[in-house]
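In what follows, every chain begins at residue 1, and chains take the letters A, B, ... in the order their sequences are listed. What's counted below: heavy atoms across the whole structure, side chains too, no hydrogens, waters or symmetry copies.
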2 protein chains.
Amino acid sequence: MTADASAAPRRAGRPLEMVLSRTRITAAALALITTEGYGGFTMSSLARTLKVAPSALYNHVSSKQEVLQWLEDHVMTMVDVSGFGSEPWDDAMRRWAWSYRDVFARHSPLVPLVAVLPVTGAPETLKMYETVAVGLAGAGVPVETIIPAIVAVESFIFGSALDANAPADIFDTGELADSSPTFTAAVLGQDRSTGERPADVAFQFGLEALLAAVPATRPGPDA
Amino acid sequence: MTADASAAPRRAGRPLEMVLSRTRITAAALALITTEGYGGFTMSSLARTLKVAPSALYNHVSSKQEVLQWLEDHVMTMVDVSGFGSEPWDDAMRRWAWSYRDVFARHSPLVPLVAVLPVTGAPETLKMYETVAVGLAGAGVPVETIIPAIVAVESFIFGSALDANAPADIFDTGELADSSPTFTAAVLGQDRSTGERPADVAFQFGLEALLAAVPATRPGPDA
DNA sequence: ACCTGAACACCGTTCAAGT
DNA sequence: ACCTGAACACCGTTCAAGT
């Protein structure tokens, strides 16, 4: 209950900023993944970044899985919720959903982890949910619809984040074109005139469909 | 170009059904995963099931990743596309989407793999796409809309398959309830009277939203 | 053509020993 | 309280040697 409960004891010869902590481990993990990718992220490489033996990490973290959960919660911080409270609810949702998808497209290995991450250990994630829930409630969406709406949009976002990493030729049927004429025609018949990436066209389509189904009764705080 | 191009040479002392092949490796992998789960699936355990040394597998497969791709394609076989051609297009889509989600909820570690799996190496997956594309085209959906519609619904399905594995208490805010009053109220305000699982309620909501946005002009073959 | 057995280069994690 | 270094029990994959 002191004013600064998180202050670490300072010792001569080991400067304060060198003490391991959730914050510092998470920051190091993010930096490592940004430069080396998830393939280069191991407990060893993380320890090397922090100039510490790998075993030292286990004084602060119970597993690699936990580091990834910390990272996941930190990454949520990068999702843009600024529209809620300043834009009509649907524009706020669009801003949120697109940035959410983009963030996790860059961190797709974290996507399967979300299913196992309880909000209790993820305060930033909970903060985001609260902002979105306030936005929807303010738009007149009935209480019992808020969670299904959030979960549905979020599931769509996670699936779309994975899809955003698909190679451009994923649907090229090649020599199997003859056995799948209708699908092949659909692939070739896509509208390429706008120059948008196919993953973005699909995301736009699905997002608008989901937003149209949200039973809001008011346009939002400022509209 | 012979009648049976896939026949393996028969030798005395080594019965035909013991020869390794994509079919037999895939079947063994599925059996192993069904009994032991994905955590117990290693190249070693797979080799043990097939009564062979681990290194022997590499005469037939280039990596564990490839085994998983074979498995993924085989698993697509379990998705129910029987509605297409016999039901109104939207009922066929509902049957397909629910079974697709259920199958991959049981095989969620395969979900992130889909993004990297080109249809060229996945004939069963392509067969499924063809069936769905024929169904949508038959319902009068314009060619250029077919792929975005399929990709959007599929992304929603994959995200929902991950969500279906979430623990029931994932949204319990615990001691953080005070800092997230609106979200906590929404969690507590969910409609539990129907007895449906929250993941199913959200899936139903999102699926109906997406189907409502598909620009079909005809009800389907038999309606 | 396809198998075995040994080996390689890693993993994440534990633990006794230090300070 | 928190670090180091050695060790453990695995991984997926390669490769020489066999038949």
Closest non-hydrogen atom pair between Val143(B) and Ala185(A), with its separation: CG1-O, 4.1 Å
How many Å lie between CG on Leu46(B) and P on dC11(D), as a whole number? 13 Å
Glu130(A) and Lys127(A) ion-paired at < 4.0 Å: no
Base-pair map of DNA chain C as dot-bracket, where | denotes pairing with a different strand and pairs are Watson-Crick or G-U under 3.5 Å: ||.|||||...|||||.||
Sorted by number, residues from residues 25-40 of chain A placing a heavy atom under 4.0 Å from DNA chain C are none
If you check the Met43(B) side chain, which of dG5(C), dT4(D), dT13(D) turns out closest? dT13(D)
I'd like to know if the side chain of Thr182(A) reaches the main chain of Ala133(B), judged simply by a donor and an acceptor atom lying under 3.5 Å from each other, with no hydrogens or angles considered. no
Residues Thr120(A) and Leu176(B): closest non-hydrogen pair is O-CD2, 4.1 Å
CG of Leu50(A) versus C1' of dC3(D): gap in Å, rounded? 14 Å
In terms of ring plane angle, is the pair Phe203(A) and Phe156(A) parallel, tilted or perpendicular, where the classes change at 30° and 60°? parallel
Between dC3(C), dG12(D), dT4(D), spot the one nearest the side chain of Ala56(B), thanks. dC3(C)
To the nearest angstrom, the CG-P distance between Leu57(A) and dC3(D) comes to 9 Å
Should the pair Tyr38(B) and Phe41(B) be assigned to parallel (<30°), tilted (30 to 60°) or perpendicular (>60°) ring geometry? perpendicular
In Å, rounded to the nearest 0.5 Å, how long is the span from CG of Leu46(B) to CG of Leu57(B)? 5.0 Å
Do the charged groups of Arg101(B) and Asp200(B) touch, with an N to O distance under 4.0 Å? yes
Out of curiosity, Ile157(A) CD1 to Asp102(A) CG, how far, rounded to the nearest 0.5 Å? 10.0 Å
Given dA6(D), dG12(D), dG12(C), the nucleotide with the shortest approach to the side chain of Ser55(A): dA6(D)
Specify whether Phe171(A) and Phe183(A) have parallel, tilted or perpendicular ring planes, treating 30° as the upper limit for parallel and 60° as the lower limit for perpendicular. perpendicular
Is a donor on one side and an acceptor on the other found under 3.5 Å between the side chain of Arg94(A) and the backbone of Leu207(A)? no
If you take any heavy atom closer than 4.0 Å to DNA chain C, which residues from residues 58-71 of chain B end up in contact? Asn59(B), His60(B)
